[in-house]
Protein chains: 2
Amino acid sequence: MAMTTDVHVRDLRYFVTVAEELHFTRAAERLYVSQPALSKQIRALERQLGVELLRRDRHSVALTAAGAALLPHARRVLEAWARGASAMEQARAAQRSTLVVGMSTSPGRGGLLPAIRSRFTSAHPEAAVRLRQVGWQDPSAGLADGDADVAFVWLPLPDQDRYAWIVVAEEPRHVALPESHPLAARSEVDFTDLADEPFLALPESAGPLRDYWLALDERAGSPPRIGAEIASTEETYEALVAGLGVCLVAAGNVPLLTLGGVVTRPVRGVSPSRYALAWRKEDQRPLVRAYTRACRQVRDGTGRR
Amino acid sequence: MAMTTDVHVRDLRYFVTVAEELHFTRAAERLYVSQPALSKQIRALERQLGVELLRRDRHSVALTAAGAALLPHARRVLEAWARGASAMEQARAAQRSTLVVGMSTSPGRGGLLPAIRSRFTSAHPEAAVRLRQVGWQDPSAGLADGDADVAFVWLPLPDQDRYAWIVVAEEPRHVALPESHPLAARSEVDFTDLADEPFLALPESAGPLRDYWLALDERAGSPPRIGAEIASTEETYEALVAGLGVCLVAAGNVPLLTLGGVVTRPVRGVSPSRYALAWRKEDQRPLVRAYTRACRQVRDGTGRR
DNA sequence: TACGGTGACAACCGATGGCTATGACGACGG
DNA sequence: CCGTCGTCATAGCCATCGGTTGTCACCGTA
């Protein structure tokens with residue numbers, strides 16, 4: 001007999017209405033339920049509480065002492081929950097009108113983000129855009145776990161069939177080296193010269209993207225040596241100056257690493273990298289569609305103002 | 001899509017617990033439910049509210065903004081309901097420890113009530129006794145509709161198989177007459193002399209009791225003339241002085257009617273009336289049993305102090 | 001590489017909460 | 001006086017809910 005004292009808010013609402021009307025049939029109408037249903041629920045509530053709340057007297061209904069005692073508390077519960085429900089209403093609205101943009105590193109690239117944003121907000125002035133930095137463990141930059149609604153990512157993505165994307169930049173890849181490295185003397189390097197260097201690699205969880213930045217495709221089967229794993233720009237920089245290895249980097253990201261002690265050189269013999277805006281393929285929400293449309297327009301220079 | 005915003009208080013309790021533990025399995029233990037049940041309920045709550053409350057991150061659980069917004073409201077609802085539940089607890093206790101004694105007219109009869117009460121309260125000091133006056137429409141004096149837990153009634157009762165009783169007084173019946181009535185000159189009358197008089201009768205709803213006070217049994221088939229219906233001592237007195245009829249009255253109730261203009265005379269040829277304490281046969285509650293026991297002891301003079 | 005611990009999912013089952021149809025019963029009007 | 005109306009209660013039905021046990025997928029760790 002574990003006496004759950006929990007109650008359904010609906011039952012309290014029913015009770016309060018009957019207490020106000022002192023009339024089951026009328027109360028049932030106000031509540032949009034049938035009279036028997038209301039009758040049964042009130043009896044169930046009385047049974048649950050072990051107390052007679054209403055005295056039914058053939059042609060009249062009256063509150064008992066217990067019913068009168070319950071009424072104010074029931075009203076307080078209803079009111080408290082009304083506030084909670086309205087908070088949820090707000091949360092729902094906020095969720096509906098907030099777009100979270102995931103990204104691993106700053107997209108930069110010539111005002112891409114501000115341009116998209118300006119188009120987007122002109123189409124949806126009520127919407128808020130939140131940027132969210134996501135570590136490199138997640139190559140989908142938050143799309144996978146719902147942290148982000150759209151995201152700037154490097155191709156290729158894992159689970160390609162779950163996402164759609166628009167390529168926003170195609171950039172040649174450079175190599176980043178400590179400035180003391182022998183190859184730093186060259187102004188340009190062949191990838192074959194790098195194949196035996198220790199590489200800095202993305203985390204395992206990055207899947208095909210890790211392989212891509214190791215340029216696995218260009219290595220004819222011989223596996224790369226891994227100098228260290230990196231999950232952020234800062235880690236990468238530290239690993240480079242510490243001499244743990246070298247790594248490929250998109251041309252657009254070169255400025256993020258060349259702070260001192262690190263140099264970058266163009267690489268021949270590797271495919272260019274592709275940077276894209278991605279979203280969950282089945283996600284049809286207006287804000288998502290508007291953002292991707294804005295992005296496509298910016299890329300294509302459509303309707304430039 | 002009538003969006004019931006109602007929520008089960010249990011679900012809020014579940015949510016608050018998970019929000020406190022940030023751990024489903026531990027929360028489930030605290031709540032004494034299985035982990036899948038808890039998981040499902042929380043998801044259902046999220047679905048109902050159309051909002052993500054908790055972010056499950058494989059090896060960690062965190063509140064979302066919506067969850068954080070809900071938490072205080074949920075706590076307020078729980079607290080409001082806790083007060084309500086405790087009020088119901090009190091009401092239950094009060095109901096359990098209050099005995100309602102129904103009666104049609106004052107039992108009087110030599111301190112019967114105080115004697116019973118004193119025995120009763122010495123056995124149940126925590127209990128409260130409430131007396132309740134009931135109109136003569138209800139011959140069970142409130143037992144039938146639950147207004148009373150025990151009641152002082154005149155036999156015979158309707159629905160005899162629903163009640164048990166102890167006879168507390170057996171009194172000869174007198175007749176009450178306006179003092180101007182021819183029979184008022186006699187010091188005693190035969191019922192046969194009364195048979196053709198108009199009688200004051202109890203309401204139809206009194207059932208066999210109405211017939212009893214009309215002394216139907218003594219009338220060999222010829223039906224009585226009804227002068228008026230009466231439902232209280234005052235009505236009876238007024239009807240008597242107005243000359244609407246005569247009526248039988250228990251010896252113990254004679255003082256209630258002989259106020260002026262009305263006289264009473266003993267009646268030969270009618271059975272004595274029986275006054276009883278009655279209760280619902282299936283009612284085994286301790287207070288009811290204690291009261292009837294006290295009554296029996298007082299009647300039998302057992303353990304007189 | 002096996003293991004322990006996490007939350008999610010599936011299948012099942014009794015209770016709940018709603019409906020319609022009907023019943024009992026007092027009030028009221030012809 | 002009798003039929004009808006209005007009231008709340010009951011019965012029988014059905015979908016959904018809220019719980020169970022059993023299992024899985026996943027991850028961190030020994």
Side-chain angles (χ1 to χ4, degrees), chain A residues 1-2 4 6-15 17-19 21-48 52-64 67 137-138 144-146 158-159 203-205 207 229, chain B residues 2 4 6-15 17-19 21-48 52-63 135 137-138 144-146 158-159 203-207 226 231:
Chain A
M1 149 113 179
T4 89
D6 286 333
V7 74
H8 198 116
V9 167
R10 178 199 45 237
D11 293 348
L12 295 181
R13 192 162 52 84
Y14 284 6
F15 166 68
T17 304
V18 175
E21 295 285 346
L22 292 179
H23 195 290
F24 278 78
T25 308
R26 255 194 321 272
E29 284 171 12
R30 254 182 62 188
L31 293 165
Y32 302 106
V33 295
S34 70
Q35 169 268 317
L38 178 59
S39 231
K40 193 157 82 165
Q41 284 309 98
I42 296 289
R43 298 206 93 85
L45 180 61
E46 288 178 317
R47 193 170 52 77
Q48 181 190 351
E52 192 185 22
L53 298 171
L54 295 158
R55 176 60 57 90
R56 292 87 156 163
D57 196 77
R58 195 48 77 191
H59 257 224
S60 78
V61 177
L63 275 178
T64 63
Q137 316 81 343
D138 177 8
D145 54 13
D159 287 325
E204 292 276 6
S205 57
E229 286 202 348
Chain B
T4 31
D6 286 334
V7 74
H8 198 117
V9 168
R10 178 200 44 238
D11 292 349
L12 295 182
R13 192 162 53 84
Y14 285 7
F15 167 67
T17 305
V18 175
E21 294 285 347
L22 292 179
H23 195 290
F24 278 79
T25 307
R26 252 192 327 269
E29 283 171 12
R30 254 181 63 186
L31 294 166
Y32 302 107
V33 295
S34 69
Q35 169 268 318
L38 179 59
S39 233
K40 194 157 81 165
Q41 284 309 98
I42 297 288
R43 298 206 93 85
L45 180 62
E46 289 178 317
R47 193 169 51 77
Q48 180 190 352
E52 192 184 23
L53 298 171
L54 294 157
R55 177 59 57 89
R56 292 85 155 166
D57 196 77
R58 191 50 75 193
H59 256 223
S60 80
V61 175
L63 276 177
Q137 315 84 339
D138 178 7
D145 55 13
D159 288 324
E204 292 277 4
S205 57
I226 306 299

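From a predicted model like this one, the values you see are computed outputs, not experimental measurements. Numbered from 1 within each chain, the chains take letters A, B, ... in sequence-line order.
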A.B. asks: Report the residue (B/His8 or B/Arg56) whose heavy-atom-nearest nucleotide on DNA chain C is the more 5′ of the two.
C.D. replies: B/Arg56

A.B. asks: Between B/Ala62 and B/Leu22, which heavy-atom pair has the shortest distance, and what is it?
C.D. replies: CA-CD2, 4.1 Å

A.B. asks: Just how far is it from atom CZ of B/Phe24 to atom CG of B/Leu31, taken to the nearest 0.5 Å?
C.D. replies: 11.0 Å

A.B. asks: Can you find a side chain N or O atom of B/Arg26 that sits less than 4.0 Å from OP1 or OP2 on C/dG5?
C.D. replies: no

A.B. asks: Rounded to the nearest angstrom, tell me the gap between atom CD in A/Glu52 and atom P in D/dA9.
C.D. replies: 11 Å

A.B. asks: If we only count heavy atoms from C-beta on, is the A/Phe15 to A/Leu45 side-chain gap below 4.5 Å?
C.D. replies: yes

A.B. asks: For B/Arg56, what residues pass the salt bridge (charged side-chain N to carboxylate O under 4.0 Å, His left out) criterion, not counting sequence neighbours?
C.D. replies: B/Glu46

A.B. asks: Would you mind reading off the distance between B/Asp138 atom CG and C/dG26 atom P, rounded to a whole angstrom?
C.D. replies: 12 Å

A.B. asks: Report yes if a side-chain nitrogen or oxygen of A/Thr25 is closer than 4.0 Å to either non-bridging phosphate oxygen (OP1 or OP2) of D/dC8; otherwise report no.
C.D. replies: yes

A.B. asks: Could you give the CG-to-P distance, from B/Asp6 to D/dC17, as a whole number of Å?
C.D. replies: 14 Å

A.B. asks: So, using salt bridge (charged side-chain N to carboxylate O under 4.0 Å, His left out) as the criterion, who are the partners of B/Arg26 when residues are at least two apart?
C.D. replies: B/Glu21

A.B. asks: Write down the atom of A/Glu229, the atom of A/Pro203, and the distance for their closest heavy-atom approach.
C.D. replies: OE1-CA, 3.6 Å

A.B. asks: Hey, which of these two, B/Leu22 or A/Asp11, hits DNA chain C nearer its 5' end, going by closest nucleotide?
C.D. replies: B/Leu22

A.B. asks: Rounded at 0.5 Å granularity, tell me how far CG in A/Leu12 sits from CD in A/Gln41.
C.D. replies: 11.5 Å

A.B. asks: Taking CZ from A/Arg10 and C1' from C/dG18, how many angstroms apart are they, rounded to a whole number?
C.D. replies: 9 Å

A.B. asks: Which whole-number value in Å describes the distance from B/Arg13 CZ to D/dG18 P?
C.D. replies: 13 Å

A.B. asks: Does any residue of residues 32-46 of chain A have a heavy atom under 4.0 Å from DNA chain C, and if so, which ones, in number order?
C.D. replies: A/Val33, A/Ser34, A/Pro36, A/Ala37, A/Lys40, A/Gln41

A.B. asks: Whole Å only: how far is the CG atom of B/Leu31 from the C1' atom of D/dG19?
C.D. replies: 13 Å

A.B. asks: To the nearest angstrom, how far is B/Leu53 atom CG from C/dG7 atom P?
C.D. replies: 16 Å

